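Down below is the structure, laid out as structure tokens.
So you know, we letter chains A, B, ... as the sequences are listed, proteins then strands, and number each from 1. On a predicted model such as this, the values are computed, not experimentally measured, just so you know.
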4 protein chains.
Amino acid sequence: MDSRPGYDRKLLNILRTAASVFAEKGYSRASIRDISGATGVSLSGLYYYFGSKEELLYLIQDHCFATLLTRLEEDLEGVADPECRLRIFVRNHLHFFVANMEEMKVLSHEAEVLTGDFRSRILDKKRAYAGALAGILSELREPEGGTGSEAVENALPPRGEGATLRTTTFVLFGMMNWIYTWYDPERDLPVEELEQTILHLFLHGVLTPPAPDGEVRLPETSRMGRSSIWRGG
Amino acid sequence: MDSRPGYDRKLLNILRTAASVFAEKGYSRASIRDISGATGVSLSGLYYYFGSKEELLYLIQDHCFATLLTRLEEDLEGVADPECRLRIFVRNHLHFFVANMEEMKVLSHEAEVLTGDFRSRILDKKRAYAGALAGILSELREPEGGTGSEAVENALPPRGEGATLRTTTFVLFGMMNWIYTWYDPERDLPVEELEQTILHLFLHGVLTPPAPDGEVRLPETSRMGRSSIWRGG
Amino acid sequence: MDSRPGYDRKLLNILRTAASVFAEKGYSRASIRDISGATGVSLSGLYYYFGSKEELLYLIQDHCFATLLTRLEEDLEGVADPECRLRIFVRNHLHFFVANMEEMKVLSHEAEVLTGDFRSRILDKKRAYAGALAGILSELREPEGGTGSEAVENALPPRGEGATLRTTTFVLFGMMNWIYTWYDPERDLPVEELEQTILHLFLHGVLTPPAPDGEVRLPETSRMGRSSIWRGG
Amino acid sequence: MDSRPGYDRKLLNILRTAASVFAEKGYSRASIRDISGATGVSLSGLYYYFGSKEELLYLIQDHCFATLLTRLEEDLEGVADPECRLRIFVRNHLHFFVANMEEMKVLSHEAEVLTGDFRSRILDKKRAYAGALAGILSELREPEGGTGSEAVENALPPRGEGATLRTTTFVLFGMMNWIYTWYDPERDLPVEELEQTILHLFLHGVLTPPAPDGEVRLPETSRMGRSSIWRGG
DNA sequence: GATGAATGAGAATTCATTCAT
DNA sequence: GATGAATGAATTCTCATTCAT
């Protein structure tokens, strides 16, 4: 993925720097001049890499989402148990989030600014990703059939099972995505514990004490050793 | 400052309209011209009511937070049981959020744009509010002492009880605040059910089925009949 | 003069305060709001006293010039000796300047901003005043005839006696008027010595040492005891 | 900063044109739009050459002063006699003033509008320049020692020799600088005679008739043939 | 691949002024 | 006499973008 044509090292570096500028100042308060300053590339030189500021944002979000999705697919491969699948989803999401806080902040915070084609392409990925989680949650409750994703994508049925699944899905996303507003790696729990806390909360609630010997842990995936343009790997 | 009723009514109207413009386009993409258009007040006329665009944002956020805090205090008064207090907090937060979606979106989404004094004054209110929730959660787990708010406000102890409480607090906020990104009153569960869902999730987790006769319900407060400049009342 | 109809106490007070604001910030950088703030009169309330900002400047300059001219006439009355008349002119100009530094700064510095009728009325007074000095200087060199003022007012003769007289006149004005840029009553010579220094310089030059027993002094006029709205009297 | 000849030439041209606009309308009444119109450069294009209107004024004043100072140093080099040095100072000042009336008007008239660093940098140059004149005047009266510049720069001694020197210095500057308010090259004496008149007045006063064969003249400097971006050369 | 120079459009804000009360 | 509320016009400055080189 990191070596797909069109995503060469220089562009990737620009995307990363731009993401960090956007994360700090916000997309619309950040100017291309800021990005020129942060990257060291001249103002007009940047336009060789993207056609417009909006495309720059698109590229950041797209690349971020694509990586997230790819990894998720890899990690879920071959795992059938719904609870396991949920654990993998949450772990993947949180680890990636914390390792790539700036990009994920841009993804979460600047979700509505893209327009036209850029917007719909990102929306597609977002729906696919949310659908994946909805599918897992759906299986978790009624392990028999369906992917669950329809309930998130479509408006029907408006109030009932579908609406509850949709709610549960986004409530879980809320628990996770909101961390960009408060999580400080140096002050807060390490990601692994954050993951355990969130998972336990979601599955059993605060009133249920965690199992004395810790939550059931998944075997370590190969996630840690991966090389990546994403800083956290 | 100015407390004549005409001035107040007009200002409040401007705040509400501006909040809705900010909610739709985002604070920095929205221009004062947009607000002039939406309110029907001339561009320069607006500056009679606020000194700068940033102050306008501050006024919106401050008024929103102030109302939220006031109501919370009123509703919590005299209630001692931690779980009850938690239910009241969540109910208050969610009802207010859904009734004043635009202001709350501005409060949640544009949290970082304020600077200087404006920023710190809002931060104070925010810390007080988050501290209130942390205090409740603290009592919920260990009903004996302390308000819990120190753990959210201070960095100590960095990893341990404090960090877990902090995490739990913000995870709950995440569940609730994230709704501005997805909740659609016409499509999704009514607020009351949303409230039940979130509370149940937080207290008992997804794996525990809700009690067959519904969650324990609090006696209805007089919240519904209140008059207010906030649309939801 | 200070009690002419149209120049009542309140207006005079506004003129004085406005002059001080204009002196400090410059006419065009000062806003009517500044003057409202400095006077304590509301923005719109000021317009009862003058029709426009430009008229306000005109009133300040006109009143200042009128006082200057009136006093000059009074003091010169009955004095025939050219050198005495010159001493009186310089004394009058400098004392008034130092006593009313702010108004005189406005008069000197904002000479070109008035337009139309306002401008020409002030120009008339200025020409009369400069003509008076030119007349005195003319007599000083060739005590026989003419008032000398034509040479300053008209362009003819362009180069010769007239041009020299004009030059001498404005060079003397330069010596005096420039003080608004540097004179500090607490640091520099008292006005009486400033007056002596300038007069000696103009009459005898730096290379001629002053007479050992001081310059010839005029009998004290009644200038000092005069009451006036002008702070210095 | 940028020293490519094209950039420099263009900037210098902008400075000259802007100086003329500022001279005519006054710094604060002149808009960047006016300067855009006068230079033919687009409004925003101007900001490539300076960061703010205030910096534009600074650049004009700084360049003007720098040239003035450089020339003065060149011309004074090797001249020891105080009276000669004074003649050179006055000649340099007046010739430059008349040749660059617009810039010098901006320098004289808009002395107080600069703030912060811009202000203090110009003030430094101004103090150095005034100090140079004070030094010459000091030697002229008491040819033994000291530069005289301390008396202008410091407040001590507040009243006495220092204050008189300060006064004399600024009175001479007044004679010269005031010309921007009245001097018209087509109507008034040519610069050379203006120079003679002012010098004679300052040294010997009006009551001393000029020597029949003219004032002592310095040998012509090469000033006339100099090429310069300043129109007067 | 890269950049200096330039620009049109639009941003926030200020200002002198007005007018109903 | 005096003022609160309002406004049109103008101001400085920023921004995304372009294009010749």
Side-chain angles (χ1 to χ4, degrees), chain A residues 8 10-11 14 27-36 39-57, chain B residues 1-2 4 6-7 10-11 14 27-36 39-57, chain C residues 8 10-11 14 27-36 39-57, chain D residues 1-2 4 6-7 10-11 14 27-36 39-57:
Chain A
D8 66 11
K10 192 106 194 236
L11 171 58
I14 288 174
Y27 170 75
S28 39
R29 271 174 298 282
S31 70
I32 301 285
R33 258 183 161 84
D34 290 332
I35 288 158
S36 161
T39 54
V41 181
S42 77
L43 203 49
S44 43
L46 287 171
Y47 281 82
Y48 174 78
Y49 295 95
F50 49 83
S52 69
K53 191 186 178 189
E54 194 176 5
E55 189 185 342
L56 171 59
L57 177 58
Chain B
M1 332 180 168
D2 208 319
R4 273 149 303 104
Y7 177 90
K10 196 112 196 230
L11 173 58
I14 288 173
Y27 169 76
S28 38
R29 270 173 299 281
S31 72
I32 301 286
R33 217 173 205 92
D34 292 331
I35 289 159
S36 162
T39 54
V41 181
S42 75
L43 206 46
S44 46
L46 288 170
Y47 281 84
Y48 183 76
Y49 294 93
F50 49 82
S52 67
K53 193 184 177 190
E54 193 177 5
E55 189 186 342
L56 171 58
L57 177 59
Chain C
D8 66 12
K10 193 106 194 236
L11 171 58
I14 288 173
Y27 169 76
S28 39
R29 270 174 299 282
S31 70
I32 301 286
R33 258 183 161 84
D34 291 331
I35 288 158
S36 161
T39 55
V41 181
S42 77
L43 203 50
S44 43
L46 288 171
Y47 281 81
Y48 175 77
Y49 295 96
F50 50 83
S52 70
K53 192 187 178 189
E54 194 176 5
E55 189 186 343
L56 171 59
L57 177 59
Chain D
M1 335 179 165
D2 208 321
R4 275 149 302 104
Y7 177 89
K10 195 114 197 227
L11 173 58
I14 288 173
Y27 169 76
S28 36
R29 270 173 300 279
S31 72
I32 301 285
R33 217 172 206 95
D34 292 331
I35 289 159
S36 162
T39 54
V41 181
S42 76
L43 206 48
S44 47
L46 288 170
Y47 281 84
Y48 183 76
Y49 293 94
F50 49 82
S52 67
K53 194 186 176 189
E54 193 177 4
E55 189 186 343
L56 171 59
L57 177 59

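Separating the CG atom of D/Leu11 from the C1' atom of E/dG4 is a distance of 15 Å, rounded to the nearest angstrom. In this structure, OH of A/Tyr48 is placed 7 Å from P of E/dA2, rounded to the nearest angstrom. Rounded to an integer number of Å, the gap from C/Leu57 CG to E/dA16 P is 13 Å. Going from atom OH of D/Tyr49 over to atom P of E/dG4 covers 13 Å, rounded to whole Å. If you take CG of B/Leu46 and P of F/dA6, they are 10 Å apart, rounded to a whole angstrom.
D/Lys53 places no side-chain N or O within donor-acceptor distance of the main-chain N or O of D/Ser31, the cut-off being under 3.5 Å.
With sequence neighbours left out, the side chain to side chain contact (heavy atoms under 4.5 Å, CB included) criterion links D/Ser28 to C/Ser28, C/Arg29. Residues that satisfy the side chain to side chain contact (heavy atoms under 4.5 Å, CB included) test with A/Tyr47, not counting sequence neighbours, are A/Ile32. For C/Ser42, the side chain to side chain contact (heavy atoms under 4.5 Å, CB included) partners at least two apart in sequence or on another chain are C/Ser44. The side chain to side chain contact (heavy atoms under 4.5 Å, CB included) search around A/Thr39 returns A/Ile14, A/Thr17, A/Ile35, A/Val41, A/Leu46, not counting sequence neighbours.
No side-chain heavy atom of C/Tyr49 sits less than 4.5 Å from a side-chain heavy atom of C/Glu55.
Put simply, B/Tyr47 has no side-chain N or O that comes within less than 4.0 Å of OP1 or OP2 on F/dT7. At least one side-chain nitrogen or oxygen of B/Lys10 sits closer than 4.0 Å to the OP1 or OP2 atom of F/dA6.
With rounding to the nearest 0.5 Å, the separation of CZ in C/Phe50 from CG in C/Leu57 is 11.0 Å.
Both the sub-6.0 Å distance and the 45° axial angle are not jointly satisfied by C/Lys10 relative to the ring of C/Tyr48.
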Polar pairs (N or O, both sides) under 3.5 Å between protein and nucleotides 8-11 of chain F?
from, atom 1, to, atom 2, distance (Å)
F/dG8, N7, B/Ser44, OG, 3.0
F/dG8, O6, B/Ser44, OG, 2.4

For DNA chain F, the dot-bracket notation using Watson-Crick and G-U wobble pairs below 3.5 Å, [ ] for pseudoknot-type crossings and | for other-strand pairs, is .||||||||||||||||||||

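Between C/Gly40 and A/Glu54, the residue anchored closer to the 5' end of DNA chain F is C/Gly40, taking for each the nucleotide with the nearest heavy atom. Both B/Phe50 and C/Gly51 lie close to DNA chain E; mapped to their nearest nucleotides by heavy-atom distance, the more 5′-ward contact belongs to B/Phe50.
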